[in-house]
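Let me begin by presenting the structure, written as structure tokens, before commenting on it.
This is a predicted model, so every value here is computed, not measured.
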There are 2 protein chains.
Amino acid sequence: MGLAKTEMFTNEQNEISLFAKVFGHPARVAILQHLFKINSCVCGDLVNEIGLAQPTISQHLKELKHLGLIKGNLEGTSVCYCIHKENWTAMKTVMNEFLNQDLTDKLDCC
Amino acid sequence: MGLAKTEMFTNEQNEISLFAKVFGHPARVAILQHLFKINSCVCGDLVNEIGLAQPTISQHLKELKHLGLIKGNLEGTSVCYCIHKENWTAMKTVMNEFLNQDLTDKLDCC
DNA sequence: TTAATTAATTGCAATATTACGATTAATATT
DNA sequence: AATATTAATCGTAATATTGCAATTAATTAA
């Protein structure tokens, strides 16, 4: 069916998987890394920086924006994107809780 | 075309996105959380615990195993799964480096 | 106003993912 | 050996994702 049955999972599980999914494409990882590196918040340069077509980059940016991880700001004809700091920090809290679960000695049974 | 052009991204970007992609489904998040909670390493109980059919769970387990995040061990007719501690720790290093990039003041331009 | 620039949107083709019934494989029990 | 139990695999349908050409929308420059 190709459809995740979100109603059978907890809010936390769904939230984690939504964040993870948006990081599940190298282009979006590259976009985010570039936004972190270029703190002057360059925009359409992403199309040049990453080797994908403009509509493709625009689509990836839309997904990142939709999850609240970036913000876009109109500046003349171009749009300036940058990391949404507060939301990024909140996302980190959720992801870290998942990634940093207790790895006790008992876990090794195999 | 629906295919990620992995050759145009760095190994790091591809690795991050592969880890993230496997966390990008709530069923796999739920499986991992359960394996962390039940440190006695219960196995086919995952099918009961999570509400999906046996082939579906088996498929999700395969993906987690393929990335090295869990190990499976035959015990009679059943298979006992658990977190692969070393690989989980290594994955955490990669993901943390990505998630914990510098959020300097300069980033806020929008 | 007209042309130029930039980015979003639309529409579509190619591919990937998800879910599960049916079957198979492997071991355990009788 | 015959049966039961458990999990993997196969095949397939439904849906989602990715990528881009073409177009549109919005602003700027001339």
Side-chain angles (χ1 to χ4, degrees), chain A residues 1-9 13-14 17-31 34-35 41-67 70-82 110, chain B residues 1-9 13-14 17-32 34-35 41-67 70-82 109-110:
Chain A
M1 308 257 174
L3 179 60
K5 301 180 170 176
T6 55
E7 71 280 4
M8 54 196 295
F9 301 104
Q13 287 160 350
N14 285 318
S17 67
L18 282 179
F19 282 134
K21 192 185 279 185
V22 89
F23 299 142
H25 194 290
R28 290 189 291 264
V29 171
I31 287 172
H34 196 252
L35 289 182
C41 243
V42 186
C43 7
D45 302 304
L46 286 163
V47 176
N48 302 319
E49 191 66 22
I50 303 163
L52 292 169
Q54 178 266 319
T56 307
I57 296 293
S58 194
Q59 200 175 349
H60 285 306
L61 287 168
K62 190 181 177 184
E63 289 175 67
L64 290 167
K65 200 173 171 184
H66 182 252
L67 261 190
I70 63 175
K71 319 188 238 188
N73 203 35
L74 246 168
E75 287 191 359
T77 70
S78 44
V79 179
C80 176
Y81 282 102
C82 65
C110 308
Chain B
M1 306 261 174
L3 180 61
K5 300 180 170 177
T6 55
E7 72 280 4
M8 53 196 296
F9 301 104
Q13 288 160 349
N14 286 316
S17 66
L18 283 178
F19 282 135
K21 191 184 280 183
V22 89
F23 299 141
H25 193 290
R28 290 190 291 266
V29 172
I31 287 172
L32 290 166
H34 196 252
L35 289 181
C41 244
V42 185
C43 6
D45 302 304
L46 287 164
V47 176
N48 302 319
E49 192 65 24
I50 302 161
L52 293 170
Q54 178 267 319
T56 308
I57 296 292
S58 196
Q59 199 175 350
H60 285 306
L61 287 168
K62 190 180 175 183
E63 288 175 68
L64 290 168
K65 200 173 170 186
H66 183 251
L67 261 192
I70 63 174
K71 318 188 236 188
N73 202 35
L74 246 165
E75 287 190 1
T77 70
S78 44
V79 179
C80 177
Y81 282 102
C82 66
C109 78
C110 307

What is the separation between atom CZ on B/Phe9 and atom P on D/dT18, rounded to the nearest whole Å?
11 Å
How long is the gap from CZ on B/Arg28 to CD on A/Gln13, to the nearest 0.5 Å?
13.0 Å
Atom pair CD1/CD1 of B/Ile70 and B/Ile31 - distance to nearest 0.5 Å
7.0 Å
Mind calculating the distance between CZ (B/Phe23) and P (C/dT17) to the nearest angstrom?
16 Å
Spacing of B/Tyr81 atom OH and B/Leu46 atom CG [to the nearest 0.5 Å]:
9.0 Å
Taking CG from B/Asn73 and P from D/dT6, how many angstroms apart are they, rounded to a whole number?
17 Å
How long is the span from the NZ atom in B/Lys21 to the OG atom in A/Ser17, to the nearest 0.5 Å?
15.0 Å
Check the interface with nucleotides 5-11 of chain C: list each N/O to N/O pair with the protein under 3.5 Å, or write none.
unit_1 : atom_1 : unit_2  : atom_2 : d
C/dT6  : O4'    : A/Thr77 : OG1    : 3.2
C/dA7  : OP1    : A/Gly44 : N      : 3.2
C/dA7  : OP1    : A/Val79 : N      : 3.4
C/dA8  : OP1    : A/Tyr81 : OH     : 2.4
C/dA8  : OP2    : A/Ser58 : OG     : 2.7
C/dA8  : N7     : A/Gln54 : NE2    : 2.6
C/dA8  : N6     : A/Gln54 : OE1    : 3.0

Starting at CD of A/Glu75 and ending at P of D/dA26, how long is that distance when rounded to a whole Å?
19 Å
Counting only side-chain nitrogens and oxygens, does B/His60 get under 4.0 Å of the OP1 or OP2 atom of C/dT17?
no
Nucleotide forming a Watson-Crick or wobble pair with C/dA3, both distances under 3.5 Å
D/dT28
Distance in Å, A/Gln59 CD paired with A/Lys62 NZ, rounded so as to fall on 0.5 Å steps:
7.5 Å
CD of B/Glu49 versus P of D/dA7: gap in Å, rounded?
14 Å
Within the structure, does a side-chain N or O atom of B/Lys21 lie under 4.0 Å from either OP1 or OP2 of C/dT17?
yes
Rounded to whole Å, how long is the line connecting atom CG of B/Leu74 with atom P of C/dA26?
10 Å
What's the separation between atom CD1 in B/Ile57 and atom CD1 in B/Ile50, rounded to the nearest 0.5 Å?
4.5 Å
Nearest whole Å is fine: how far is D/dA7 P from B/Ile70 CD1?
13 Å
Parallel under 30°, tilted from 30 to 60°, perpendicular over 60°: which one fits the rings of B/Phe9 and A/His25?
perpendicular
Roughly how many Å is it from NE2 in B/His25 to P in C/dA19, rounded to a whole number?
3 Å
